[in-house]
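Note that the coordinates shown come from a computational prediction; the quantities given were computed from them, not determined experimentally. First the proteins, then the strands, lettered A, B, ... as listed; each starts at 1.
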Amino acid sequence: MPPALRVRFAPSPTGYLHIGGARTALMNFLQARRQGGTFVLRMEDTDQGRSTPESVQAILDGLNWLGIDWDEGPGKEGPYAPYFQMQRLDTYRKHADQLIAEGKAYRCYCTKEDLDAQRQVAEKAGGAFKYPGTCRERTEPPAGRNAADAVIRFKMPAGDGSVSFTDKALGTITKTHSDLDDWVMMRADGIPVYNFGCVIDDHLMDITLVARGQEHVNSTFPQLMLYQALGWTPPDFAHLPLILGPDREKLSKRKHPEADVMVHKRNGVMPEALLNFVIRLGWSHGNDEVISREQMLEWFDFSDVGTTSGVWNPEKLLWLNQQWMKQLPVETVVERLLPFLEAKGIQAKGDPRLETLVRTLRERSNTLEDIATTAANVYFRSGITLDEKAATKHLSGESLNLLRKVRETLTALPEWSVEALDGVVKQVSEASSVGMGKVAQPIRVALTGNTTSPGIGETLVLVGRDESLLRIDAALTRG
RNA sequence: GUCCCCGUCGUCUAGAGGCCCAGGACGCUGGCCUUUCAAGCCGGUAACACGGGUUCGAAUCCCGUCGGGGACACCA
């Protein structure tokens, strides 16, 4: 029996949770759950300049909002703790020392400035810079320097050779040693650099499958060299297709605001929809489009993930969000809508109109924010501004007489319900021998200021009895 | 520039040699329904990057070209 699946998501806490990261996390999470494996969350917080506790929290918040739970990681200390790289420095040091002792790594005293200068020259000449190996054979520190201020570099084996691996998504990929160089494993202050910390942790945490974005395929090679040097068996790798912005470039925090998971939350997109959208980038299940978390859990498998990067499609996200607003129980949507109303100064909790509000507006809104906006602009307020064009057309002459009749019937109506209210329209139109539209439009304009709205019964209910009568009276004064 | 990956409708995708003169979805669009707007339903639009092979037969396999993306840090 093969060892149980252990996968991980290893973000660096240097900002909010990125959409690409969220999808990587989601896929790892799904695969682990589906196979009864373990999903580890590890914080790669070794960039001292950019890592912040706030970012750690932001990532945790993002994952929590999406409902992506980790089995081990921050807040869920497991047998492989700690899960923050900055708390694992001793481990890295130990392995780095071992590698030096075995002649597989060495201390390098070249300064960043010198290297940068060399890099510039190389780039000007139109080539890629590779560390020339200045300190490769050095055994003693140069004059005036000591071992403590050296970085540690991996020592590529001499001679020709190549590294290759069979990616679960991309197939076999090979690279020759000559394309690689003696990369920095550890800074002088003992903090590991990505490729080093990543390998040490993946191995020590018994990760069996590393699934990450395709931007990392090239870093797999130096990592593989390290596994080799350490005598460790590397895990399996699966490189997931990238998510591209509308400009077809990798979705990035700098250029694409939609890369932030939480902006979608703020925009009124629900986690179900975001997850649904993101899982369909690079993966599909038959002709299914609206896919629940339960279905993902049942259907998702890395072996079905594609190889081509996908472009962010905001319209589809919005469509999915509406599908989810329609699919989720009304009470659930009401619950989620509350904060959006509150943000507009509307304390609607307990308001009897909420259910009708959601029922009618989710048919014509893409987001919770859309619903809240409409609610604030037309239903949860007193008075309404009439659109002049609409008023001129529907609130004059004979229309006002019909509206007057409606008003009378309304006043006498014992029950203010959608059915009863729609009945009024029918009743008045029949009594006056005119089409229902003739009766409905004046009411609509009087109530909403516009010619478009949900059904009249629903609109009357949403505006409320007292406010409806006031708005109709106001419209009547135009005569 | 070098290396790596990728290439089916505008976009997300189905397609693992014949079931494909290529299916679904978003978008756009025509119609139905209808008290308006939606929603829903029915229909339309639109793609195998190109060129060579292999094969009785290729979107599917091979090669090349072109195109796109990614990586080239003491960032991750």
Side-chain angles (χ1 to χ4, degrees), chain A residues 10-14 44-51 85 108 110-112 115-116 119 122-130 150-153 167 169-171 173-176 178-181 183-189 191-195 197-198 212-221 239 241-242 244 246 248-250 277 280-290 306-320 322 326 360-365 390 394 422 425-426 429 435-445 448 450-457 459:
Chain A
S12 74
T14 53
E44 307 216 327
D45 55 351
T46 54
D47 184 336
Q48 289 297 277
R50 298 193 304 148
S51 296
Q85 291 193 317
C108 167
C110 297
T111 65
K112 184 120 175 25
L115 260 16
D116 284 345
R119 194 179 341 267
E123 273 165 20
K124 243 193 191 112
F129 172 76
K130 279 169 51 187
V151 303
I152 298 173
R153 283 184 186 273
D167 189 276
L170 301 173
I173 311 175
T174 306
K175 200 142 191 164
T176 56
S178 56
D179 286 328
L180 271 21
D181 73 348
W183 48 280
V184 173
M185 297 180 353
M186 190 179 271
R187 304 167 173 98
D189 57 9
I191 296 176
V193 164
Y194 173 68
N195 282 146
C198 181
R212 74 240 293 196
Q214 262 177 24
E215 70 266 31
H216 285 117
V217 305
N218 284 302
S219 56
T220 308
F221 299 100
H239 288 93
L242 264 16
L244 274 22
R248 304 199 107 270
E249 282 188 33
K250 185 175 75 154
F277 175 75
R280 282 284 287 98
L281 249 29
W283 177 84
S284 67
H285 180 270
N287 286 337
D288 295 303
E289 294 291 345
V290 180
T307 54
T308 56
S309 301
V311 174
W312 183 262
N313 182 344
E315 286 81 23
K316 187 140 186 183
L317 206 216
L318 257 18
W319 176 78
L320 279 168
Q322 182 178 40
K326 288 165 62 176
T360 57
L361 292 192
R362 67 179 173 181
E363 300 291 328
R364 45 213 113 208
S365 309
H394 297 287
D422 275 330
V425 176
K426 197 170 177 209
S429 76
M436 293 216 284
K438 289 278 184 216
V439 180
Q441 284 306 78
I443 309 176
R444 191 170 338 260
V445 175
T448 68
N450 264 295
T451 52
T452 62
S453 85
I456 291 299
T459 304

- For A:Lys326, answer base if it contacts any base atom (sugar-phosphate contacts may also be present), sugar-phosphate if it contacts only those atoms, and nothing otherwise; contact means non-hydrogen atoms under 4.0 Å. sugar-phosphate
- Message: Between A:Arg50 and B:A73, is there a contact of a side-chain N or O with OP1 or OP2 at under 4.0 Å?
- Response: no
- Note on the structure: Assert: residue with more 5' nearest nucleotide on RNA chain B, out of A:Thr14 and A:Asp288, is A:Asp288
- Start with the C-alpha distance between A:Arg212 and A:Cys198, add both sets of side-chain angles, then the distance that settles side-chain contact (heavy atoms from CB on, under 4.5 Å), and finish with yes or no. CA-CA 12 Å; A:Arg212 74 240 293 196; A:Cys198 181; 3.8 Å; yes
- Item | Nearest-Å distance for atom pair CG/P, residues A:Asp422 and B:U36 | 12 Å
- Task: Could you measure between the two P atoms, the one in B:U65 and the one in B:U29, and give it in whole Å?
- Result: 43 Å
- Message: Need the pair for B:C41. Rule: Watson-Crick or G-U wobble, both distances under 3.5 Å, any strand; none if unpaired.
- Response: B:G31
- Query: Rounding to the closest angstrom, what is the interatomic distance between B:C56 and B:G15 at atom P?
  - Reply: 27 Å
- Quick one: which of B:G40, B:A76, B:A73 gets closest to the side chain of A:Thr46? B:A76
- Across every strand shown, the nucleotide meeting Watson-Crick or G-U wobble geometry with B:A49 (both distances under 3.5 Å) is B:U65
- Task: Quick one: pull up CG in A:Asp47 and CD in A:Gln85 and give me the separation to the nearest 0.5 Å.
- Result: 11.5 Å
- Item | Rounded distance in Å - CZ (A:Phe129) to C1' (B:A73) | 10 Å
- Item | Candidate pair A:Asn218 and A:Lys175, rule side-chain contact (heavy atoms from CB on, under 4.5 Å), full reasoning | CA-CA 9 Å; A:Asn218 284 302; A:Lys175 200 142 191 164; 2.7 Å; yes
- Where the side chain of A:Ser12 is concerned, which of B:A38, B:A76, B:G69 is the nearest nucleotide? B:A76
- Task: Can you see which heavy atom on A:Thr307 is nearest to which on A:Leu170, and at what distance?
- Result: CG2-CD2, 3.8 Å
- Query: Over how many whole Å does the gap from A:Lys426 atom NZ to B:U34 atom P extend?
  - Reply: 13 Å
- Item | Length of the line joining A:Ile456:CD1 and B:A38:P, which is rounded to integer Å | 15 Å
- To the nearest 0.5 Å, tell me how far A:Asp116 CG sits from A:Phe129 CZ. 8.5 Å
- Item | Rounded distance in Å - CD (A:Gln441) to C1' (B:U34) | 12 Å
- According to a strict under-4.0 Å criterion, is A:Arg362 in side-chain N/O contact with OP1 or OP2 of B:A39? no
- Query: Is A:Lys250 touching bases, backbone alone, or none of the nucleic acid, heavy atoms closer than 4.0 Å?
  - Reply: sugar-phosphate
- Task: Just call it for A:His239: base, sugar-phosphate, or nothing, with non-hydrogen atoms closer than 4.0 Å on any strand.
- Result: nothing
- Of A:Gly455 and A:Ala125, the one whose closest RNA chain B nucleotide lies more 5': A:Ala125
- With both distances under 3.5 Å as the test, what is the Watson-Crick or G-U wobble partner of B:A71? B:U2
- Query: Mind checking the C1' distance from B:C32 to B:A39? Whole angstroms is fine.
  - Reply: 14 Å
- Task: Would you indicate what A:Val439 reaches in the nucleic acid, counting non-hydrogen atoms under 4.0 angstrom: base, sugar-phosphate, or nothing?
- Result: nothing
- Message: Taking pairing as Watson-Crick or G-U wobble with both contacts under 3.5 Å, can you name the mate of B:A25, or confirm there isn't one?
- Response: B:U11
- Message: With a 6.0 Å cut-off (strictly less than), is the heavy-atom count around NZ of A:Lys438, excluding the residue itself, greater than 12?
- Response: no
- Please assess A:Arg362 against A:Gln322 for the test side-chain contact (heavy atoms from CB on, under 4.5 Å), listing each intermediate value before the final yes or no. CA-CA 7 Å; A:Arg362 67 179 173 181; A:Gln322 182 178 40; 6.0 Å; no
- Task: Grab the CZ-P distance between A:Arg364 and B:C37 for me, whole Å please.
- Result: 11 Å
- Item | Whole-Å C1' distance, B:A14 and B:G51 | 27 Å
- Rounded to whole angstrom units, what separation is found between the NE2 atom of A:His285 and the C1' atom of B:G23? 16 Å
- Query: Expressed in whole Å, how much space separates the P atoms belonging to B:G53 and B:G10?
  - Reply: 28 Å
- Message: Determine whether A:Ser453 and A:Thr459 satisfy the following criterion, side chain to side chain donor-acceptor pair (under 3.5 Å), listing intermediate values before the conclusion.
- Response: CA-CA 7 Å; A:Ser453 85; A:Thr459 304; 3.2 Å; yes
- Message: Using atom P in both nucleotides, what's the gap between B:U8 and B:A49 to the nearest angstrom?
- Response: 6 Å
- Task: Under a 3.5 Å limit for both distances, which nucleotide forms a Watson-Crick or G-U wobble pair with B:A16, could you say?
- Result: none
- Residues A:Phe277, A:Asn313; criterion side-chain contact (heavy atoms from CB on, under 4.5 Å); working and verdict: CA-CA 9 Å; A:Phe277 175 75; A:Asn313 182 344; 4.2 Å; yes
- Note on the structure: With B for base contact, S for sugar-phosphate-only contact and - for none (protein heavy atoms under 4.0 Å), nucleotides 3-17 of chain B reads SSSSS---BBSS---
- Item | Pairing partner of B:U54 (Watson-Crick or G-U wobble, both distances under 3.5 Å) | none
- Name the closest nucleotide to the A:Tyr194 side chain, picking from B:A76, B:C74, B:C26. B:A76
- Task: Give the nucleotide from the list B:A76, B:G70, B:A38 with an atom nearest to the side chain of A:Glu363.
- Result: B:A38
- Item | Pairwise P distance for B:C3 and B:U60, with rounding to whole Å | 27 Å
- Message: Rounded to whole Å, please give me the gap between CD in A:Gln322 and C1' in B:C37.
- Response: 13 Å
- May I ask you to decide if A:Ser51's main-chain N or O and A:Asp45's side chain share a donor-acceptor pair within less than 3.5 Å? no
- Message: Measuring only the P atom in each nucleotide, how far is B:A71 from B:G24? A whole number of Å is fine.
- Response: 36 Å
